[in-house]
Peer 1: 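Questions regarding the structure given below will be posed in turn.
Chain identifiers are assigned alphabetically (A, B, ...) following the order of the sequence lines, protein sequences preceding nucleic acid strands; residue numbering begins at 1 within each chain.
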Amino acid sequence: MYDIKKVHQASSMNDVLKIMKENKEVKILAGGTDVLIKMRERKYKDVEIVSIGDISELSGIHIDESENIIIKSATKFIDIINNEYIAKHLPTLGKACNQIGSPQIRNIATIGGNLCNGAVSADVVPILLVLDAQLHIVGLDGKMRIINVNDLHTGPGQTSLIEGQELLVEIHIKKENYVNFGFDYYKYGKRNAMEIATLGCAVGIKLNKQKDIIEDIKIAYSVAAPTPRRCSSIEKLMIGKKLTKETINLIKPENIAELIPRDSWRASKNFRLQLIKETGRRTALEAIKANGGELCID
Amino acid sequence: MGIGKNINRVDALSKVKGTTKYTEDLIPQNALIAKILHSKIANGIVKDVDVSEALKIEGVLKIVTCLEVPDVDFSTAGHPYSLDPSHADIKDRKLLNKRVRHYGDDVAVVVAVDSIAAQKGLEAIKVTYEEYKPKINIYGNYEVGEPIHKLYPDDVMATMNFYLNEDKERFNKYKIVEELLKTNNFKGNMPDSNLPMKKYEYILPIVQHAHIENIVCFAYMDGNRHIIYSATQVPQVVRRIVSEALEISIGEVQVIKPYIGGGFGNKQDIIYEPLAMYLSKLMGGACISMVSTREETFVNSRTRHGMKITTMVNTEEGKMRMRNRAINLVSNQGAYSTHGHAIAANAITNGFHLYSGSGLQVGTSTSIYSNLPSAAAMRAYGTPQICFAVESQMDDYAKEKGFDPIEFRLENLVKVGAIEPFDTFPIHTNGLDDCIKKGKELIDWDEKKIQYEEFNKNSKVFKKGIGIALFAYKTGIYPITVETSACRMVLNQDGSLQVQVGAIEIGQGSDTVFCQMTSEILSIPEDKINMVSCHDTDISPFDPGAYASRQTYICGGAVKKTAEILKEKILNKAAIMLDFDYDDMDLIDEYIISKSRSEKLESLEKVVLYSMYSKHSTEHLTAEATYTGLNNAFAYGACFADVCVDVPLGKIDIKKMYSIHDSGKIINPRLAEAQVHGAVAMGVGYAIGEEMLFDQVTGKPLNNNFLDYKIPTSMDIPEIEVAFIETYEPSGPFGNKALGEPPIIAPAPAIRNAVLFATGVSINSLPLNPEKLVSAFKEANLIDEE
Ligand SMILES: Cc1cc2nc3c(=O)[nH]c(=O)nc-3n(C[C@H](O)[C@H](O)[C@H](O)COP(=O)(O)OP(=O)(O)OC[C@H]3O[C@@H](n4cnc5c(N)ncnc54)[C@H](O)[C@@H]3O)c2cc1C
């Protein structure tokens, strides 16, 4: 039994905004796979809910004429995984979505929920950080603001969205941020399924024509700091460098100032430091491969 | 059909269709909800419970606290009753406990109309405690301070020490034992004291059964009848304990066990049945349901004992033959005694069941209370712990001495003809040699050994290994406690049959094998035999319950005996009906036949009809029998693991597991194989992922949920190959011996030994999780610092 005071019915985005305006305490429920857990844990009590999971206006994937990818916030992971365009042009996004929970979770949970929940371990976040995804957020007055996903997370479980007053509507991935790049995402967990990442790493890499120089590289980690984050310090070190083992071996905690892994009973700091190094290098190597490069280190 | 055949599970259809009714499915809609208030400290005393605010909450009907429950102590162990009072279980808890002994101990209970009202009630109760320092790490040195149980001032619940030598003197207090206990160094008194002994230490974590169906029961009254539905492995013991705890006649208590969603020994303890019944009585007989959450099941039911096991061993000069052995075991009992020292005792004695040295063997064991959840029965009753220690030690010692680990084992195995030294039953069957041979063949041991050694020379990131571990496991519990079981059969007029057994179907498939046994003797095909699966203490034949690996072995005896009696009755009836010579008749393919003429005389159906409806003398053909087991037998097996270790990430990719068993005659090969699959999967979890974690200062459980307690998923379970070496065990009803528990025993040490092969690193504790491996590999310089 859940401690729900009221469930509001909404069939359009405007309905949702209206309900939010009239009921200050109402919680947005997309797939509910985080919200229901919080109710069960009694973090949310006596709640009012508005469900956006079935609003068609808020769900779906669309490629515009400039080949930007637009994903509506209530799109379920299964639909991202099964999208042909994404499978062909940005398979790493599908790969990240496909590692979330279990088939049951992927059939109901949404990309917007993964972002708005603000978890440091959210699986879809590192790759979106690397893609510099743009978030389109609407306020109760109907005004849209756009932020880079890199400005979303403000702390563990915290985002810059104003709760109860803003709705995430769309996630935009610009063409220039995904074409000509090779990507990979590495989720490190103790199990092969039903697992929250102990650490996640996404890398996007663009090599020169000869495939021997790193023209651009983007690296993001999750669960290695209070928020998932891009690591420009290491990116700067690697851009312009020759594609060699030494360059890849630059990826190590000492060179990544943004990361502050912590000691907890789930994993020690020392172990996380080892994971940062090892998953970073492996992910970079896979991204190089995806970009048509070749580098073998053992 | 009959035994040795691959009959489908008798409950397969209803389970696949989802129509099977479990306890929770049967809770009446108007049942009241009882929820427990768990302590927020690990060690202390409840001084005051303020329920005034909670009682104001709408829907809260009643609150009972630890300060007002009846002053009756009871034990929760699902053991059969012992006529010997010195063997009785320790009675050390009440319905709710004022003396808080672990974080989450039961302090009060709220009865409400629904779960949310109950939850709100819990949140409004205020408890005042007097707190003591929690005792969490029992292996370290800690101050005893206030004892956890008054009767055990040093927190030591029990010890059991013994030595064995060639003269089979046992248990005697002997200088050696005392010396070992004091100093852990018993050079002076061992035979051939010039041979140095090697010492090893192994640590086993606290784990949980993690059955999918949580702890659940509901209770109500009908007149003076106290009726309880419970997901239990021991309905007959629930009935006795409820009668003891509530001081009511056993005949007034009726316990019903529907289908069960897994138990693995956890449901061999009595958890909330007495409290649910007590509350029902208080509430005028209303139905009270108690459904634990997963978080509660972890903390408030039972766990597998954590242990620290020290072993010492040496071998005869220049030989692989073991000379002297010593094992010291410290078992973490947790807050309450439940099964007492039985599990530690089973473990320490099992330490000497597989191998025997030619010199002296010493075993010492201690169970210590701690402020952690209580430990009790879990699949294989202490032996996965001892097996990990003994089998790891076999490889560690072999490595040290340059022995081949398999040759070293073969050299020291206990053989047929030996007498079990503690319970003194003779070993009639032991197929271990063949299990090892078969396993080596399946895994391609000799070839892989060379291949992997070569591979590992040139590979830094990935390292491959193979490992072996053996086990021996007692099927039943005789002569430690009684072995009894009963069965009843009722023939229907169309020649079909109803069978009631004392044994408890808990998913292991016991109903199916009993059906096959019945068919074997009576020739009635399995699809005409209806197993009555729901155990109801008012009507079911008696059996103390599903524990050990005894059901097929003991209740099988009852089924065989009952079927034979029924067959005799059928033939007797037929002799009268057909006026034919009894001695010349048999029952084959549902027909009465003449043995001498090899011809059919009459169908079974006709005989039953005649017997039921012939006007002059009717008899309903039924039979009932009790079987007393006066024997025990070892099941044996060998487990092999083939792994690839990702060194820098500390991950073990288990390529394949091989589980080879001597369980005597296999009654249903496919069902048996499935049983092995499940247990190996559980063993894999024990090996690489599972461990209950507690805050070392407060004793608060950290990972009592399936997010953080890592049971393997289907994506983590490797391919498993199973083989049976079928011996014929004369003490079993059909040559059979244990299988339910044994396959969980050896996977962990087999995997651990494969990691040792792969990396050269001895990991001496479970689980082999990535963090532990990375840190060990770093220490061994297997991971580059750059
Ligand atoms: C068994 C299980 C396994 C899981 N495994 C994983 C995993 O492997 N990896 C992982 O990353 N996560 C995992 N999760 C967490 C969860 O499934 C994901 O975070 C998921 O993406 C949440 O999406 P949802 O639609 O269910 O969110 P909801 O629960 O509906 O919402 C989550 C939060 O976002 C807010 N929200 C949702 N949509 C919007 C919007 N459009 N605008 C503003 N706010 C919004 C809600 O109010 C809420 O605070 C798991 C959860 C469960 C229960």
Peer 1: Is it the side chain or the backbone of A:Glu254 that comes within 4.5 Å of chain B heavy atoms, both, or neither?
Peer 2: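 It is neither, since no heavy atom gets under 4.5 Å.
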Peer 1: Does any donor atom in the side chain of B:His38 or B:Glu296 lie under 3.5 Å from an acceptor atom in the other side chain?
Peer 2: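 Per modelled atom types, B:His38 and B:Glu296 side chains form a pair under 3.5 Å.
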Peer 1: Give, as side chain, backbone, both or neither, the part of B:Asp646 having an atom under 4.5 angstrom from any heavy atom of chain A.
Peer 2: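 Just its side chain gets close to chain A.
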Peer 1: Quick check on A:Arg272 against chain B: is it the side chain, the backbone, both or neither that has a heavy atom closer than 4.5 Å?
Peer 2: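 It is neither, since no heavy atom gets under 4.5 Å.
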Peer 1: I'd like to know if the side chain of A:Lys242 pairs up with that of A:Thr247 as donor and acceptor (distance under 3.5 Å, no hydrogens or angles considered).
Peer 2: no
Peer 1: Under 4.5 Å heavy-atom distance to chain B, tell me which part of A:Tyr2 shows up: side chain, backbone, both or neither.
Peer 2: backbone
Peer 1: Evaluate the criterion side-chain hydrogen bond (donor to acceptor under 3.5 Å, both in side chains) for residue pair A:Ser264 and A:Arg266; output intermediate values, then yes/no.
Peer 2: CA-CA 5 Å; A:Ser264 86; A:Arg266 287 198 174 94; 5.7 Å; no
Peer 1: Top residue by heavy-atom pair count (under 4.5 Å) with chain B, among A:Lys252, A:Lys45, A:Gln274?
Peer 2: A:Gln274
Peer 1: Based on non-hydrogen pairs under 4.5 Å, which of B:Leu707, B:Thr713, B:Leu702, B:Ile783 is most in contact with chain A?
Peer 2: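 The candidate making the most pairs under 4.5 Å is B:Leu702.
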Peer 1: B:Leu649 versus chain A, heavy atoms under 4.5 Å apart: side chain, backbone, both or neither?
Peer 2: both
Peer 1: Please rank B:Gln119, B:Met715, B:Glu771, B:Glu295 by heavy-atom pairs under 4.5 Å with chain A and give me the top one.
Peer 2: B:Glu771
Peer 1: For the residue pair B:Lys651 and A:Tyr188, would you count it as a cation-pi contact if the rule is NZ or CZ under 6.0 angstrom from the ring centre and within 45 degrees of the ring axis?
Peer 2: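 Cation-pi check for B:Lys651 and A:Tyr188: passes.
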Peer 1: Please classify the contact of B:Asp695 with chain A as side chain, backbone, both or neither, using a heavy-atom distance under 4.5 Å.
Peer 2: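 Nothing of B:Asp695, per the 4.5 Å heavy-atom cut-off to chain A.
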Peer 1: Measure distances from B:Glu785 to the heavy atoms of chain A and classify the residue's part below 4.5 Å as side chain, backbone, both or neither.
Peer 2: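 Contact with chain A: backbone only.
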Peer 1: Under a plain distance cut-off of 3.5 Å, with no hydrogens placed, do A:Asp3 and A:Tyr44 share a side-chain donor-acceptor pair?
Peer 2: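 No, no side-chain donor-acceptor contact under 3.5 Å.
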Peer 1: Go through the side-chain N and O atoms of B:Tyr709 and B:Glu690 and say whether any donor and acceptor fall under 3.5 Å apart.
Peer 2: yes
Peer 1: Among A:Arg40, A:Met194, A:Arg191, who wins on heavy-atom pairs under 4.5 Å with chain B?
Peer 2: A:Arg191
Peer 1: Could you verify whether a donor N or O on one side chain and an acceptor N or O on the other, from A:Thr92 and A:Asp184, lie under 3.5 Å apart?
Peer 2: no
Peer 1: Going by atom types alone, do B:Tyr139 and B:Asn332 pair a side-chain donor with an acceptor below 3.5 Å?
Peer 2: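 Side-chain D/A pair, B:Tyr139 to B:Asn332: absent.
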